[in-house]
Structure formats: C-alpha cells, structure tokens
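Input: a single structure, listed below in structure tokens.
Note that these values count all heavy atoms, side chains included, but never hydrogens, waters or copies made by symmetry. In what follows, chains are A, B, ... by sequence order, proteins preceding strands, each numbered from 1.
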Protein chains: 2
Amino acid sequence: MDVKKDGPKPDPGFVSLLTQLYKALNRRTGEDLLGMRFKPYMTLGYIRDHPGTTQHELESALFMDANSVVLILNELEAAQFSVRRRDPHDRRRHIVEITASGRRALERADKARESLEDEVLRALSPEERKTVRGLLERVLESMYSEARV
Amino acid sequence: MDVKKDGPKPDPGFVSLLTQLYKALNRRTGEDLLGMRFKPYMTLGYIRDHPGTTQHELESALFMDANSVVLILNELEAAQFSVRRRDPHDRRRHIVEITASGRRALERADKARESLEDEVLRALSPEERKTVRGLLERVLESMYSEARV
DNA sequence: TATTGTTATACTCTATAACTATA
DNA sequence: TATAGTTATAGAGTATAACAATA
C-alpha cells in the first residue's frame, strides 16, 4: 500500500542518504560549538575510552590514514588535550593518552554534542533514536570485520 | 539492565557514528565502481528525479555550495550527462536537465550502487534496512524544514 | 539593490610515497 | 626486512568573497 503523494518517489539510496546527512551535520558542527574541531573531538573521545591506544589503532578504528592521525594528535597536543609517549616495550610505538584538561574539554564538548543531537534527531522518538543508532552500529561493525579480512 | 561486556560501553554518539560510516563508505565508492565519481552520480540522480531543477535548488537539496554545484555540473556536461540552459522566464537562472546518455549512465550506476548497498548493509535484514532508511529519511527531512526557517 | 551563476582563492581533508627509528 | 610514526606533496572537497548578468 504505497501512498504516492507526489509522483513516483525516487529511491535515493542508503549511501546518498548518509552522504547528505553527513554534509548537513558538518555544516552545524563548527569549532565554536564543541570548543574544538569535530575530528579532534571524535579522536579524543576514542582516546579517553580506550586507554593505552596507539596511533595505529586510531587509524583503523576511526578509518583515518596515518597522516591524519598525526595532524590531529599534533592539534590535540598543542591544546594540551592529549600526550604521546613511547611504549617502553616497543619504542617504535606511541601510546596516546588524554590529559586532565583534555578530559574536561571533552566533557564540555560532549554536552554540546548531545544538545546538537537532540536537535538533529528531534523528528525521532527516544525509541526510534535507539533503533537507528543500533542499526547503524551493526552496519559499522560489519564493515570493520570485513576490513580485517 | 545494561549488559556490560567490556567495561563501560562508551556512547560514540550519532554524529560520530555517521561520520565513521561516511568515511568507511567513501573508501569503497571509487569512480571505477559507478562509472562516475560519487558526487556527480548523486547530483545526476537528483536532476533526473526533479526535472527542471535549477542550480540553486541543487545547492539546498544536496547541501552543497554554489561553487561545488558549478564544478560538478561542468564535469557532468563534459561527460555529456547533463545540460544547462537559460530559463526563458528568468534569464539569470539555469535549468538543468539530464541527457539520454546521462540517463543510461545513471541506470548502470544505480545497479552498481545497489550491489554496493547489499554488501554494506549485509548485517541487516530487509525489514531492518527499510527501517533504518525510513528513520534517516525523516531525520534528513526535518533538517530541510529547519534550514528553510 | 538583490539574485543567479561563475571565477578565484584559500583552507581542510585525504591518499601516497619517502624518510627515521626501531624491531 | 618489516613496522610505527613522521614529513612532504598533490588531489579533492569545502567555504568565502569578488564579479557579471539579470531581475
């Protein structure tokens, strides 16, 4: 029972949908909102949640290349939000850790991010938000496991 | 009743989730797959589905800036997939239309896109795919209406 | 004076390869 | 020789402002 309101509804496709949402979101996640740019924010969140992580792990976890990781960590260190120190067991590795002030900045940014999400997802009920997040997480996880093959 | 499998499961947030999915997807949508780059493909799809659209409409519908629209249309015209012609009622405007060969190229690309999506969404059942698409469409629509305010 | 589209410019992001230091 | 990280470079994406034509 397809209700056709305005002609044959074209199927934009999941990928296009995601791309448009990404762009729409990017427009409203300025540095002024989070207190830092979005990618460093996302990276710092991962660092906090995965103590003792390495740059290599950041690459694969956040789908970034080595170069971007370096640049973002430079930025985070310049703001004194994170530090790199050599892994004593393998001196090629850097262990990345969040600082106390990084933790505070991240908590502030998290609050801003939450209110942004409330605004962005206002069309959805709490249960629907949970649903969409759960589904997207599963999609992402399947992409990780595929990448590992 | 939170099942804690591996410590306090951090909430990555909808925005981060979307960003990672976007990046993961971008890595596998090369030109060789669709026969054209992804953004022109997405744009051409909109042009087909909205006959008589203008560049200004493309901007707001696809969350692009005027500059990007010009560049993408240049690319599409070079490939003879679309044409711009002056609107006789307002000679400042360009009316953008898909060509016959653009339509054929788009149909081929659509097939490739569908098989890509099958692969990307393989973690989800058909009903779940419908659900996630429907929810994301609603989020996007609410962002449009907000942008209009 | 405002709008549509174009051009120019700069800045970010991404991808790649060359380099270093360690293993 | 292989790996972790860094640096350098080029390409694509995005944002901004100046501009021409038209309203």
Side-chain angles (χ1 to χ4, degrees), chain A residues 16 18-34 36-43 47 52-78 82-97 147, chain B residues 18-32 34 36-43 47 52-78 82-97 147:
Chain A
S16 301
L18 211 84
T19 302
Q20 277 173 272
L21 270 172
Y22 172 79
K23 293 177 102 168
L25 269 174
N26 248 12
R27 299 215 156 174
R28 57 181 82 197
T29 38
E31 182 169 356
D32 43 339
L33 183 79
L34 296 174
M36 64 187 91
R37 293 184 315 117
F38 181 72
K39 264 149 234 269
Y41 160 73
M42 206 170 98
T43 309
I47 294 168
T53 190
T54 62
Q55 297 187 203
H56 191 75
E57 185 183 336
L58 288 170
E59 278 179 49
S60 48
L62 302 177
F63 293 97
M64 294 194 290
D65 53 319
N67 187 13
S68 305
V69 174
V70 170
L71 296 178
I72 287 175
L73 289 182
N74 289 349
E75 195 177 326
L76 285 172
E77 288 201 357
S82 71
V83 287
R84 277 174 278 207
R85 57 181 180 81
R86 288 283 171 195
D87 181 345
H89 299 95
D90 181 346
R91 290 189 43 71
R92 290 172 306 181
R93 278 189 162 84
H94 274 154
I95 292 179
V96 187
E97 279 169 342
Chain B
L18 213 83
T19 302
Q20 277 174 272
L21 268 171
Y22 174 78
K23 292 176 101 169
L25 267 175
N26 249 10
R27 298 213 158 179
R28 59 180 79 195
T29 37
E31 182 171 356
D32 42 339
L34 295 174
M36 63 187 92
R37 295 185 313 116
F38 182 72
K39 264 149 235 269
Y41 161 73
M42 206 169 99
T43 309
I47 294 168
T53 190
T54 63
Q55 297 187 202
H56 192 75
E57 184 184 336
L58 287 170
E59 278 180 51
S60 49
L62 301 178
F63 294 97
M64 296 194 290
D65 52 319
N67 188 12
S68 304
V69 174
V70 169
L71 296 177
I72 286 174
L73 289 182
N74 288 349
E75 197 177 325
L76 285 173
E77 288 201 356
S82 71
V83 287
R84 276 174 279 207
R85 58 180 179 82
R86 288 283 170 196
D87 181 345
H89 298 97
D90 182 346
R91 290 190 43 72
R92 291 172 306 181
R93 279 189 161 84
H94 275 155
I95 292 178
V96 187
E97 279 168 343

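Between Met42(A) atom CE and dC13(C) atom C1' the separation is 13 Å, expressed in whole Å. In this structure, the CG atom of Leu58(A) is 15 Å from the C1' atom of dT6(D), given to the nearest Å. What separates CG of Asn74(B) from P of dA8(C) is a distance of 12 Å, to the nearest Å. Here the P atom of nucleotide dT3(C) and the CD atom of Gln55(B) are 17 Å apart, to the nearest Å. Put simply, NE2 on His94(A) is 10 Å from P on dT22(C), counting in whole angstrom units. Regarding Glu57(B), its CD atom lies at a distance of 18 Å from the P atom of dT3(C), rounded to whole Å. Glu59(B) places its CD atom 9 Å from the P atom of dT4(C), with the value rounded to the nearest Å.
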Exercise. Please step through side-chain contact (heavy atoms from CB on, under 4.5 Å) for the pair Thr19(B) and Leu25(A), ending with a clear verdict.
Key: CA-CA 9 Å; Thr19(B) 302; Leu25(A) 269 174; over 6 Å; no
| message | Show, in sequence, the C-alpha distance, side-chain angles and deciding distance for Arg93(B) and Arg86(B), and conclude whether the side-chain contact (heavy atoms from CB on, under 4.5 Å) test is met. | response | CA-CA 6 Å; Arg93(B) 279 189 161 84; Arg86(B) 288 283 170 196; over 6 Å; no
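The ring pair (Phe, Tyr, Trp, His ring centres under 6.0 Å) test with Tyr22(B) is passed by exactly one of Phe63(A), Tyr22(A), Phe38(A): Tyr22(A).
Considering only side-chain N and O atoms, His56(A) lies under 4.0 angstrom from the phosphate OP1 or OP2 of dA4(D).
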Protein heavy-atom contacts under 4.0 Å, written 5' to 3' over nucleotides 13-23 of chain D as B (base), S (sugar-phosphate only) or - (none), form the string SSBB-----BS
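Of the charged side-chain nitrogens involved, at least one lies within less than 4.0 Å of a carboxylate oxygen, so that Glu75(B) and Arg37(B) count as a salt-bridged pair.
By the side-chain hydrogen bond (donor to acceptor under 3.5 Å, both in side chains) test, Asn74(B) is found to be paired with Arg84(B), residues two or more places apart in sequence or in another chain being considered.
Applying the salt bridge (charged side-chain N to carboxylate O under 4.0 Å, His left out) definition to pairs two or more places apart or across chains, none involves residues 53-73 of chain A.
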